[in-house]
Amino acid sequence: MRITSRKPALSGLAALGVVALFAGCAPAPEEGGDTKAPVVSDFLPCMVSDAGGFDDKSFNQLGYEGLVKAADELGVKEKHVESATATDFKPNLTSLVDQGCNLIITVGFALAEATAESAKANPDINYVSIDDTIDLDFDGKTDVPNVKPIVFDTAQAAFLAGYLSAGVSETGKVGTYGGMQFPTVTIFMDGLAQGVAHYNKEKGAKVEIVGWNTETQKGVFSGTFSAGTQPLTDAQNLIDAGVDVLLPVGGPIYQSAAAAIRDSGKEIALIGVDADVFVTDPSVADLLLTSVLKGIDVGVEEAVLKAGRDEFDVTPFVGTLENDGVGLAEFHDWADKVPAELQDELDKLREDIISGDVKVTSYLAG
């Protein structure tokens, strides 16, 4: 099994800065909005994807869906541009500025530097950054005053997924791997591992995590956020190691994991990320135990509605279990395989995380 590591993208000091940044975070976005102020004249909301593209069945697609829904409600047109590689970020942003966009949404932490540069150069345009705080100097503040960060403490929902995975695993091994080692990826893996550890503590069990070590911050990463040979090989290696629940974190790499599961001929549960992959990609629906959800579509929709009615607010939003910014999808085809008592334990665990009785650590929560 190929194990890789790199220096964490956020140091301890930087993580503290992120916690400080969200000390006064905004309340949860409410689907559909709650204001009917007049629409700004010539309002044009726009979006730039990361290299995953808008058909990734994941966070780019969710962002796009939120944009389209809000534009339809406002009765305005929208523009969106897709990035094939990182070299497209800056020219795509420049193109949207030149086309007169009033609001520009960048989807994914990979666009952080390009977003900061564009926002600084265009202070009269509002920006929304999905999955990055735009705190490039790690001082606990968003670097540019016209950028609203929308991020998600997915460790909380992944904790539930870890507990669930440990509860349904028959081999006693739960696997995970990522596209690339960035905080927005490893936050899922850390949460999953914490959930498995909590299950072991509560049940006196010895379920293992394969593919990620929270203490050393080392694990399996494919080096890409696209489906392909390496994500397939990484999934196969984890399956060969005996896992029967698998969480791939990296947009379309779940497609490679699904292919590896089918090739194995074994009953292995797949866990999706960001969107409810059962809904966004029916081709893998029969494999899915659940998905760890981010409310990206709702967050984008609310930001566009407010900007379109001249009520844009740059206060950061961090999604949690408490505000329904993160969560677990339904079990769908797996529902009959999840014991009722395990579901009851998950319900109680969710409330304990919200109340603080159970602590989930992440770079967004400390």
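With contacts defined as side-chain heavy-atom distances shorter than 4.5 Å, the pair Ser165/Leu247 does not qualify. Side chains of Val207 and Val174 form a contact here, defined as non-hydrogen atoms less than 4.5 Å apart. Taking 4.5 Å as the limit, every side-chain heavy atom of Leu62 sits out of range of all side-chain heavy atoms of Asn60. Side-chain atoms of Lys173 and Asp244, non-hydrogen and from C-beta on, never get closer than 4.5 Å to each other. Considering only heavy atoms from C-beta on, Phe331 comes within 4.5 Å of Gln343 through its side chain.
Under 3.5 Å, the side chains of Thr184 and Asp131 contain no donor-acceptor pair of N or O atoms. Asp50 and Ser83 share no side-chain donor-acceptor pair at under 3.5 Å. Side-chain N/O atoms of Tyr254 and Asp281 include a donor and acceptor closer than 3.5 Å. Side-chain atoms of Gln230 and Asp234 form a donor-acceptor pair, as typed in the model, at a separation below 3.5 Å.
To the nearest 0.5 Å, atoms CD (Glu267) and CG (Leu287) are separated by 10.0 Å. Rounded to the nearest 0.5 angstrom, Asp153 CG and Glu322 CD are separated by 12.0 Å. Taken to the nearest 0.5 Å, the OG atom of Ser222 stands 9.5 Å off from the CG atom of Leu232.
Not one N or O on the side chain of Asp132 forms a donor-acceptor pair closer than 3.5 Å with the backbone of Ser129. A donor-acceptor contact shorter than 3.5 Å links the side chain of Asn146 to the backbone of Ala119. A donor-acceptor pair under 3.5 Å links the side-chain atoms of Asn323 to the main chain of Val318, judged by distance alone. Panel note: side chain Thr142, backbone Val144; no donor-acceptor pair is recorded below 3.5 Å. Proximity of a side-chain donor or acceptor of Arg350 to a complementary backbone N or O of Leu321 within less than 3.5 Å is detected. Between the Ser291 side chain and the Val273 main chain, no donor and acceptor come within less than 3.5 Å of each other.
Using the six-membered ring where Trp is involved, Phe54 and His80 have ring planes that are perpendicular, over 60° apart on the 30 and 60° scheme. Between Tyr163 and His198, the ring planes are tilted. Angles from 30° to 60° get that label.
For Asp240, there are no salt bridge (charged side-chain N to carboxylate O under 4.0 Å, His left out) partners at least two apart in sequence or on another chain. By the side-chain contact (heavy atoms from CB on, under 4.5 Å) test, Asp137 is found to be paired with Asp135, Asp139, Asp143, residues two or more places apart in sequence or in another chain being considered. Under the salt bridge (charged side-chain N to carboxylate O under 4.0 Å, His left out) criterion, Glu351 pairs with no residue at all, not counting sequence neighbours. Under the side-chain contact (heavy atoms from CB on, under 4.5 Å) criterion, Val76 pairs with Val39, Phe43, Pro45, Ala71, Leu74, not counting sequence neighbours. For Thr115, the side chain to side chain donor-acceptor pair (under 3.5 Å) criterion is met by Thr106, not counting sequence neighbours. Scored by the side-chain contact (heavy atoms from CB on, under 4.5 Å) test, Val68 finds Tyr64, Asp72, Glu78 as partners (sequence neighbours excluded).
Residues Ile209 and Val360 share a hydrophobic cluster, clusters being chains of Ile/Leu/Val/Met/Phe/Trp/Tyr side chains in contact below 4.5 Å. Note on Leu293 and Leu246: separate hydrophobic clusters, where clusters join Ile, Leu, Val, Met, Phe, Trp and Tyr whose side-chain heavy atoms are under 4.5 Å apart, directly or indirectly. Linking ILVMFWY residues whenever their side-chain heavy atoms come closer than 4.5 Å, directly or via other members, leaves Leu136 and Ile150 in distinct clusters.
Residue-environment remark: CG (Asp98) exceeds the threshold of 12 foreign heavy atoms within 6.0 Å.
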Inset, instruction - Could you please spell out the steps behind the ring pair (Phe, Tyr, Trp, His ring centres under 6.0 Å) verdict for Tyr177 and Phe221? - result: CA-CA 6 Å; Tyr177 71 111; Phe221 296 93; 8.8 Å; no

